[in-house]
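A note on names: the letters A, B, ... follow the listed sequences, proteins ahead of strands, and every chain is numbered from 1.
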Amino acid sequence: MRKNNLEVYNTLTKKKESFVPKEEGHVRMYVCGPTTYNFIHLGNARPIVVFDTIRRYLEYLGYKVTYVQNFTDVDDKIINRANEEGQEPLQLSAKYIDEYFKDADRLKVKRANIHPKVSEHMEDIINFIKGLEEKGYAYEVDGDVYFSVRKFADYGKLSGRSIDDLLSGARVEVDQKKNDPLDFALWKKAKKGEPAWPSPWGEGRPGWHIECSAMSCKYLGQEFDIHGGGYDLVFPHHENEIAQTEALTEAPMARYWLHNGFITINQEKMSKSLGNFFLLREILEKFDPMVVRFYLLSTHYRSPLDFDNEKLEVAQKGLERLKNSYFQLNNGLKNAGSFPNGDKLKAAAQKCRSEFEEAMNDDFNTALAIASLFDLAREVNTYLKETDLDKESLLAAKEVFEDLLQVLGIVFAGHEVSDKKLDELINLAISLRQKARAAKDFATADWLRDRLKTAGVILEDSPQGTNWKLEGETKELMEKIMEIIIELREKARKNKDYPTADLIRDNLKDVGITLEDTPQGTTWK
RNA sequence: GGCGACAUAGCCAAGCGGUAAGGCAGAGGACUGCAAAUCCUUUAUUCCCCGGUUCAAAUCCGGGUGUCGCCUCCA
């Protein structure tokens with residue numbers, strides 16, 4: 001366990017507090033997940049990434065984390081959508097739960113320990129409501145069950161409003177069935193054609209808020225450590241959860257309430273009702289998932305984050321800088337030895353780690369934490385200009401780099417490989433050989449054929465052109481062929497045959513491969 | 001109408017009482033056969049405005065102005 005003095009901003013107390021879990025060394029957290037009637041949009045992605053990062057940092061500190069994220073799979077919007085599409089509601093939501101995981105996986109969001117669904121917790125929910133009824137906090141009216149808000153003295157403590165404020169600002173049409181306009185539904189009587197479950201109050205389904213109370217209680221118990229979600233859940237969702245849970249258990253529901261700010265478009269909240277939302281997968285068509293993740297973490301989680309393509313492009317460039325540095329670091333490691341010139345780098349690595357931790361300890365300030373990574377990248381890049389590289393120092397920097405990227409959930413993909421690219425590369429190699437043959441440079445042509453053969457690409461010349469066969473895995477083949485092409489270009493450069501060298505570089509660019517000449521040799525990406 | 005948040009360079013964004021991080025963009029220079037990448041220098045006498053507290057304020061207090069959010073489903 002790392003020593004820490006983590007402070008988190010608690011919506012409940014409206015200030016930063018020292019973070020102390022109820023059980024030493026173990027953090028229990030619950031994060032409100034999506035209602036699954038569509039693909040997730042960027043606004044949904046923010047809390048997912050933010051709380052995943054918080055979880056990763058807690059784990060980095062050495063805590064055991066029990067992470068629960070629910071799916072709301074029984075809901076009006078799901079039912080409506082399913083009716084429109086002539087589908088079963090639960091089928092529809094199951095589909096979007098699948099799709100949710102596809103998106104979350106691409107963003108490198110770790111799976112929760114438990115992903116409870118409403119549809120699978122009817123008994124827990126019903127028992128919870130029964131308990132409230134027994135305690136006098138709930139009442140039934142014609143198959144509906146409501147929570148008596150006025151019976152719960154602390155109502156409003158999370159969102160900071162009084163019952164009178166709520167009444168004066170009420171925009172809701174008063175439902176005559178309720179005893180009090182503020183009361184909210186715990187259980188809704190089934191309408192015709194709706195999914196319904198049997199209950200002591202007849203066929204019906206749960207209200208929205210009760211699921212989180214019942215499921216968090218079931219998996220995390222009383223007074224769990226962190227309850228998270230978007231800021232728009234503070235009222236009424238979380239307020240109502242508190243009322244239900246605390247009325248029943250007579251214990252605090254959660255110790256720390258964390259809420260992330262909104263994604264905005266032109267300064268306006270991105271939301272389904274405004275229709276100004278972007279589906280995550282639309283964005284992932286244009287941008288690497290890691291760029292999106294990096295962008296989401298480049299601002300403090302409680303601040304609003306404005307979205308447009310340009311901002312993603314900036315994030316992309318920034319991440320690229322880190323990525324270049326990280327890969328050049330690995331490249332430098334190949335020929336590193338033991339030299340006494342790495343003290344500054346080692347110190348920088350250590351400084352980076354401590355600044356990163358300090359930033360994260362201050363209410364998960366990822367924006368500041370990322371800045372420490374940029375500082376390390378600069379030191380690494382500077383050190384890489386040395387002719388003698390010290391392995392131990394490079395490894396120290398690499399370890400910090402990797403540990404911290406792991407916390408952020410950023411993974412740098414290695415060389416992108418695909419069969420299509422492999423084909424293009426081989427065709428390029430063949431055309432280069434053809435060029436040599438045309439120039440009667442048979443030495444080079446044969447050299448190329450032999451080297452390719454060793455690599456697993458067998459060329460066969462025929463009157464119709466050159467055919468080829470492959471032996472081996474795509475990834476290995478690509479690495480080897482690149483090695484050969486770079487070697488070929490190196491030869492040309494030595495002979496000051498720059499037109500050929502540049503032609504090779506340009507052709508590679510067309511395939512989507514960029515060459516970089518460094519003191520340690522040429523690398524590609 | 002009630003409640004709340006925020007305003008920092010061309011853009012994004014930290015800092016939240018001790019004399020303005022970081023990224024992107026721009027300018028100049030270095031390296032390079034040319035590129036790419038990288039490095040160095042440079043870019044806010046000042047943090048929306050006006051008062052106040054303090055030896056000291058972007059940071060605290062009061063008053064404006066502007067933007068946004070919640071009070072209805074929302075992450």
| Does the side chain of Lys16(A) come within less than 4.5 Å of Asn10(A)'s, by heavy atoms? | no

| task | Could you tell me whether the side chain of Leu394(A) reaches within less than 4.5 Å of the side chain of Tyr383(A), counting heavy atoms only? | result | yes

Gap in Å between the two [atom1] atoms, one belonging to [N] and one to [M], rounded:
| N | M | atom1 | result |
| --- | --- | --- | --- |
| rG66(B) | rU72(B) | P | 26 Å |
| rC73(B) | rG10(B) | P | 43 Å |
| rC12(B) | rA57(B) | C1' | 25 Å |
| rA30(B) | rA36(B) | C1' | 16 Å |
| rC47(B) | rC16(B) | C1' | 12 Å |
| rG22(B) | rC39(B) | P | 13 Å |
| rU45(B) | rC50(B) | P | 15 Å |

Side-chain donor/acceptor of [X] to base of [N], under 3.5 Å:
| X | N | answer |
| --- | --- | --- |
| Asp232(A) | rG69(B) | no |
| Arg46(A) | rA75(B) | no |
| Asn381(A) | rA37(B) | no |
| Arg493(A) | rG33(B) | yes |

| said: Please report the distance, rounded to the nearest Å, between CD in Glu310(A) and P in rA13(B). | reply: 13 Å

| request: Starting at atom CZ of Arg378(A), determine the distance to atom C1' of rG22(B), rounded to an integer number of angstrom. | output: 9 Å

| task | Scan every strand shown for a Watson-Crick or G-U wobble partner of rA36(B), both distances under 3.5 Å, and answer none if you come up empty. | result | none

| query | With respect to Thr514(A), which candidate in Lys509(A), Lys525(A), Arg505(A) satisfies the side-chain hydrogen bond (donor to acceptor under 3.5 Å, both in side chains) definition? | reply | Lys509(A)

| Ring centers of His121(A), Tyr219(A) separated by less than 6.0 Å | yes

| query | Stacking between Phe262(A) and the base of rA75(B) (centre distance under 5.5 Å, interplanar angle under 30°)? | reply | no

